[in-house]
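Just so it is clear, the model here is predicted, and its values are computed rather than measured.
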Amino acid sequence: MGEKEILERLKKSVVEQDVEGAKAAAEDAVAQKVDALKCIDNGLSAGMKVISDMFDNAEIYVPQIIFSADAFMEAIGILSPHIEGGYSAKAKVIVHTVEGDIHDIGKNILGILLTANGYDVTDLGRDVPIGDVVDCAVENEIDVITGSALMTTTMPSQREIIAELKDRGIRDKFKCVFGGAPTSQEWVDQIEGDGWADNAAAAVDIIAEL
């Protein structure tokens, strides 16, 4: 069994939500000394990209994402000890629903997709005070702050996060990505955010670009 076949098995196991298949493929990769980082990038992550696109197109739903994420993480657990220097997350990301807003489905999906794509995710929950978001970002050396607003009345909380970062003189230390039904690219440009996404899969792509 060659490297190409193992990479394809890893990808397929994630797409098909096959946890046992992912573990078996990862174990075979280790046994055959296939580069572990390549297995993650070209196998597992490639599979999660397919899953993200399928979710974006309403071809699958949240339960399938969760099973794919399980397959991804099980394989990561087997492969990561074999990466020289260890496996490190792509970036540290905060997910939360902004202050005053209790909707969390979109936020939860984003957290799952980010975790399964190799990010270190801190989920602060819903209706999170602005000061708590910024404090967490500072204390945990976060790279990206995301915030979801599902009501027009809570959109200003996204602007207040930017304002709080500016007041503390640390705006340039973080990328800020916002989303939610009433928001738009125009709104995020207006509040001087770094990115806007209209769904969780798109947010993953934007964070990767940033």
Side-chain angles (χ1 to χ4, degrees), residues 3-26 29 34-80 87 89-97 103-121 123 143-150 175-185 188 193-210:
E3 176 183 294
K4 184 177 180 180
E5 184 178 348
I6 285 179
L7 294 177
E8 185 58 33
R9 283 175 59 201
L10 288 165
K11 177 180 177 181
K12 183 179 180 182
S13 66
V14 171
V15 173
E16 296 184 351
Q17 302 108 47
D18 182 0
V19 175
E20 293 305 315
K23 289 164 64 176
V34 178
D35 182 80
L37 197 55
K38 185 179 289 187
C39 288
I40 293 170
D41 290 340
N42 299 345
L44 299 172
S45 293
M48 281 310 305
K49 179 64 171 66
V50 173
I51 287 295
S52 295
D53 291 343
M54 290 175 70
F55 179 75
D56 195 21
N57 294 324
E59 296 173 32
I60 60 171
Y61 301 97
V62 175
Q64 287 92 338
I65 293 176
I66 293 172
F67 285 127
S68 287
D70 286 345
F72 181 98
M73 296 308 296
E74 287 288 346
I76 288 284
I78 294 168
L79 293 166
S80 59
Y87 176 68
K90 294 176 182 176
K92 293 182 177 181
V93 185
I94 281 175
V95 299
H96 80 292
T97 306
H103 300 85
D104 63 1
I105 294 176
K107 180 268 297 177
N108 292 343
I109 295 169
L110 176 58
I112 292 168
L113 287 179
L114 285 171
T115 299
N117 276 279
Y119 292 89
D120 181 350
V121 177
D123 187 341
D143 300 296
V144 183
I145 297 171
T146 73
S148 177
L150 278 297
K175 298 296 184 184
C176 296
V177 178
F178 299 116
T183 66
S184 65
Q185 183 66 62
V188 173
D194 299 296
W196 171 77
D198 62 354
N199 61 68
V204 174
D205 291 339
I206 289 165
I207 289 168
E209 291 172 10
L210 290 172

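Shown here for G77 and S80, the closest heavy-atom pair between the two residues is O-OG, 3.8 Å. Summarising the geometry of L113 relative to S52, their closest heavy-atom pair is CD2-OG, 3.7 Å, with the distance given to 0.1 Å. The two atoms that bring A71 and S13 nearest to each other are CB-O, 4.1 Å, heavy atoms only. In this structure, G106 and A200 approach most closely via the heavy-atom pair O-CB, 4.4 Å.
From L114, atom CG reaches atom CE of M48 across 10.0 Å, with rounding to the nearest 0.5 Å. Atom CD1 of residue I112 and atom CG of residue N117 lie 12.0 Å apart, to the nearest 0.5 angstrom. Here I65 contributes atom CD1 and T115 contributes atom OG1; the two are 12.0 Å apart, rounded to the nearest 0.5 Å. One finds the CD1 atom of I109 at 3.5 Å from the CZ atom of F55 (value rounded to the nearest 0.5 Å).
Considering only residues two or more places apart in sequence or on other chains, Q17 meets the side-chain contact (heavy atoms from CB on, under 4.5 Å) condition with I51, Q64, F67, S68. Under the side-chain contact (heavy atoms from CB on, under 4.5 Å) criterion, A91 pairs with Y119, D143, not counting sequence neighbours. Under the salt bridge (charged side-chain N to carboxylate O under 4.0 Å, His left out) criterion, K49 pairs with D53, not counting sequence neighbours. By the salt bridge (charged side-chain N to carboxylate O under 4.0 Å, His left out) test, D18 pairs with no residue at all, sequence neighbours left out. For D56, there are no salt bridge (charged side-chain N to carboxylate O under 4.0 Å, His left out) partners at least two apart in sequence or on another chain. A search for side-chain contact (heavy atoms from CB on, under 4.5 Å) contacts involving S148 returns L150, not counting sequence neighbours. Residues that satisfy the salt bridge (charged side-chain N to carboxylate O under 4.0 Å, His left out) test with K23, not counting sequence neighbours, are E20. For Q185, the side chain to side chain donor-acceptor pair (under 3.5 Å) partners two or more places apart in sequence, or in a different chain, are D189. Remark: T183 engages W196 in a side chain to side chain donor-acceptor pair (under 3.5 Å) (not counting sequence neighbours).
Between N108 and D123 there is a side-chain heavy-atom pair separated by less than 4.5 Å. Side chains of V93 and L110 form no contact here, defined as non-hydrogen atoms less than 4.5 Å apart. Here the side chains of S45 and F72 are in contact, with some heavy-atom distance below 4.5 Å.
No more than 12 heavy atoms of other residues, nucleotides or ligands sit less than 6.0 Å from atom NZ of K12.
Between the D104 side chain and the K107 main chain, no donor and acceptor come within less than 3.5 Å of each other. The main-chain N or O of I94 is found under 3.5 Å from a side-chain atom of T146 such that the two form a donor-acceptor pair. A donor-acceptor distance shorter than 3.5 angstrom exists from the side chain of D194 to the backbone of C176, with no hydrogens or angles considered.
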Do any side-chain atoms of residues 203-210 form donor-acceptor pairs under 3.5 angstrom with protein atoms, and if so which ones, sequence neighbours left out?
none

Side-chain donor/acceptor pairs under 3.5 Å, residues 3-10, sequence neighbours excluded:
residue : atom : partner : partner atom : Å
E3      : OE2  : K38     : NZ           : 3.2
R9      : NH1  : D28     : OD2          : 2.8
R9      : NH2  : D28     : OD2          : 3.1

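Among pairs with a residue in residues 57-75, none fulfils salt bridge (charged side-chain N to carboxylate O under 4.0 Å, His left out), at least two apart in sequence or across chains.
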